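Just passing along the structure, written as structure tokens.
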Amino acid sequence: MQEIFSGLEEFGFNNLNEIKLYDDEKKDESQIKKSEEINEENFLYDKTYSCPVCNRSFKARAVKIGKIRLLGKDTDLMPLYDNINPLFYDVVICPYCGYGAMISYFDKIRSYQIELILKNITPKFKPKAYPNIYNVDIAIERYKYSLLNCAVKNSKSSEKAYNCLKLAWMYRLKKDSENELRFLEFALIGFKEAFEKESFPICNLDQHTLMYLIGEIARRLGKNDEALLWFGKVIVSRSVKPRIKDMAREQKELIKQGQL
């Protein structure tokens, strides 16, 4: 085929054979998306919080609700997001007294717990500066700090378990199965204690959803007999939501097929 740019030699342009007017191959949407830089800063803002322990105001990074795009959920209810992961920003830490907790629990602290934080956290606390955009390693550090606060203030088993579950999710993102299973074990212990002693909803979960979650965590830990017991309770219940019952049946079938 005759070179389409021939005749431009007088303009000083020689050897233009490698210049193409169109790409030979069409780029699919995934290739185009990968080529575009996603600026996570556009999904974030500085939110003002009032610390329930020291009563001082401060700003912390937060994700704009309208920017969150949920793609789906893993079998243990781990949400999967596009563009930015709001789980990275779920822990709030007061830079003055050092109190830290997951967002849904930050304001839920009693007077005796405040005293425990002021006695055991505040004197040792050293504020730390973080970059504007968090990654999974920063998230792990902050979830562990939140868990430390849970231990110090004698939180309910459900809060400790939920904190551990989110740590397990973070390690899953890192493909660190050893630590993922480690924190799933802690989550299992806490959720079972919460199921026996706390009133519902627990961590915004109804009774059957928590039963399913306990069963699924047990399954992931290789505790198949225990998992089958919890899945069975979900399946035989008449008041369970159809979606949760179907999920329990699917995971029960995986166990029967010998799949992890």
Side-chain angles (χ1 to χ4, degrees), residues 29-49 51 57-107 121 124-152 155 159-187 190 203-204 213 216-217 220:
E29 292 184 2
S30 62
Q31 289 175 319
I32 295 173
K33 187 173 182 178
K34 288 180 181 177
S35 67
E36 296 175 349
E37 283 292 331
I38 297 174
N39 186 0
E40 291 190 18
E41 189 68 37
N42 295 332
F43 298 84
L44 301 167
Y45 72 105
D46 291 324
K47 182 176 180 179
T48 300
Y49 289 89
C51 179
S57 296
F58 63 94
K59 293 184 181 295
R61 300 300 274 166
V63 179
K64 298 175 182 177
I65 299 298
K67 296 286 187 177
I68 297 176
R69 183 184 176 192
L70 181 66
L71 297 177
K73 291 185 178 182
D74 209 339
T75 54
D76 63 351
L77 309 183
M78 173 185 173
L80 307 172
Y81 297 99
D82 190 23
N83 295 332
I84 191 169
N85 194 335
L87 291 174
F88 290 178
Y89 302 87
D90 191 37
V91 172
V92 181
I93 301 174
C94 174
Y96 300 109
C97 68
Y99 169 58
M102 294 179 292
I103 292 174
S104 58
Y105 294 93
F106 189 71
D107 292 326
I121 293 291
K124 301 176 182 178
F125 175 69
K126 295 180 181 180
K128 179 176 180 178
Y130 287 99
N132 287 335
I133 297 175
Y134 297 170
N135 58 29
V136 66
D137 292 310
I138 291 175
I140 287 172
E141 180 179 276
R142 292 172 69 87
Y143 275 119
K144 285 187 176 180
Y145 186 78
S146 171
L147 189 60
L148 171 64
N149 276 257
C150 284
V152 166
S155 297
E159 183 179 353
K160 296 175 184 176
Y162 199 27
N163 204 138
C164 289
L165 179 62
K166 290 189 174 184
L167 271 164
W169 292 345
M170 295 300 101
Y171 280 113
R172 186 177 306 164
L173 293 177
K174 283 178 64 70
K175 302 187 185 305
D176 183 343
S177 58
E178 181 180 352
N179 277 307
E180 176 189 346
L181 294 176
R182 178 187 178 197
F183 282 99
L184 282 178
E185 184 71 53
F186 288 134
C203 301
N204 293 322
L213 179 58
E216 176 57 11
I217 294 174
R220 286 174 173 266

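Numbering starts at 1 and runs along the sequence shown. Quantities reported herein were computed from a predicted structural model and do not represent experimental measurements.
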Looking at every heavy atom in both V136 and M170, which two are closest together, and how far apart are they?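 Heavy atoms of V136 and M170 come nearest at CG2-O, 3.4 Å.
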
Can you list the steps and then say if C97 with I121 is a side-chain contact (heavy atoms from CB on, under 4.5 Å)? CA-CA 8 Å; C97 68; I121 293 291; over 6 Å; no

Minimal heavy-atom distance between L147 and L167, with the atoms involved, is CD2-CD1, 4.0 Å

Quick check: closest heavy atoms across A101 and S146, and the distance to 0.1 Å?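 That closest heavy-atom pairing would be CA-OG, 3.5 Å.
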
Go through the steps to decide whether Y162 and N204 satisfy the test side-chain contact (heavy atoms from CB on, under 4.5 Å), and finish with yes or no. CA-CA 11 Å; Y162 199 27; N204 293 322; over 6 Å; no

Using a 6.0 Å cut-off, check whether atom CZ of F186 has over 12 heavy atoms from anything other than its own residue.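 Counting neighbours around CZ of F186, 12 or fewer heavy atoms of other residues, nucleotides or ligands fall under 6.0 Å, so no.
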
Residues two or more places apart in sequence or in another chain: which of them pass ring pair (Phe, Tyr, Trp, His ring centres under 6.0 Å) with Y171? F183

For P127 and P95, which heavy atoms make the closest approach, and how far apart are they?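 Where P127 meets P95 most closely, the heavy atoms are CB-O, 3.7 Å.
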
Distance, nearest 0.5 Å, that separates OH of Y105 from CD of E159: 5.5 Å

Just wondering, do C203 and L213 contact through their side chains at under 4.5 Å, heavy atoms? no

Could you state the interatomic distance from SG (C150) to NZ (K160), rounded to the nearest 0.5 Å? 7.5 Å

Would you list the pairs meeting salt bridge (Lys or Arg N to Asp or Glu O under 4.0 Å) in which at least one residue belongs to residues 135-151, sequence neighbours left out?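 Of all non-adjacent pairs touching residues 135-151, those that pass salt bridge (Lys or Arg N to Asp or Glu O under 4.0 Å) are K128-E141, D137-K174.
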
Between CZ of F43 and CD1 of I133, what distance do you get to the nearest 0.5 Å? 10.0 Å

Expected output: side-chain Y49 to main-chain I93 donor-acceptor under 3.5 Å: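 No, the answer is negative, given that no donor and acceptor are paired below the 3.5 Å cut-off.
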
From L181 atom CG to I217 atom CD1, the distance as rounded to the nearest 0.5 Å: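 Those atoms lie 11.5 Å apart.
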
Cut-off 3.5 Å, no hydrogens considered: what does the side-chain donor-acceptor table look like for residues 57-67, sequence neighbours left out?
{"unit_1": "K59", "atom_1": "NZ", "unit_2": "T48", "atom_2": "OG1", "d": "3.0"}
{"unit_1": "R61", "atom_1": "NE", "unit_2": "N132", "atom_2": "O", "d": "3.0"}
{"unit_1": "R61", "atom_1": "NH1", "unit_2": "D46", "atom_2": "OD1", "d": "2.8"}
{"unit_1": "R61", "atom_1": "NH2", "unit_2": "E41", "atom_2": "OE1", "d": "3.2"}
{"unit_1": "R61", "atom_1": "NH2", "unit_2": "E41", "atom_2": "OE2", "d": "2.5"}
{"unit_1": "K64", "atom_1": "NZ", "unit_2": "N42", "atom_2": "O", "d": "3.3"}

Is there side-chain contact between N149 and F106, with heavy atoms separated by less than 4.5 Å? no

Value rounded to 0.5 Å, distance of CD1 in I84 from CD1 in I68: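 Going from CD1 on I84 over to CD1 on I68, the span is 8.5 Å.
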
Between K47 and Y45, is NZ or CZ placed under 6.0 angstrom from the six-membered ring centre and within 45° of the ring axis?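 Verdict for Y45: no cation-pi partner in K47.
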
Taking only residues two or more places apart in sequence or in another chain, which ones pass ring pair (Phe, Tyr, Trp, His ring centres under 6.0 Å) with Y89?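 Ring pair (Phe, Tyr, Trp, His ring centres under 6.0 Å) check on Y89 returns Y134.
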
Output, in order, the C-alpha distance, side-chain angles, deciding distance and verdict of salt bridge (Lys or Arg N to Asp or Glu O under 4.0 Å) for R220 and E216. CA-CA 6 Å; R220 286 174 173 266; E216 176 57 11; 3.1 Å; yes

Under the side-chain contact (heavy atoms from CB on, under 4.5 Å) criterion, do N85 and L173 qualify, and how do the steps go? CA-CA 11 Å; N85 194 335; L173 293 177; 3.7 Å; yes

Considering only residues two or more places apart or on different chains, which pairs with a residue in residues 93-104 satisfy side chain to side chain donor-acceptor pair (under 3.5 Å)? Y99-K153

With sequence neighbours excluded, tell me which residues meet side chain to side chain contact (heavy atoms under 4.5 Å, CB included) with P79. L70, Y81, L87, W169

Heavy-atom side-chain proximity of L77 to L165 below 4.5 angstrom: no

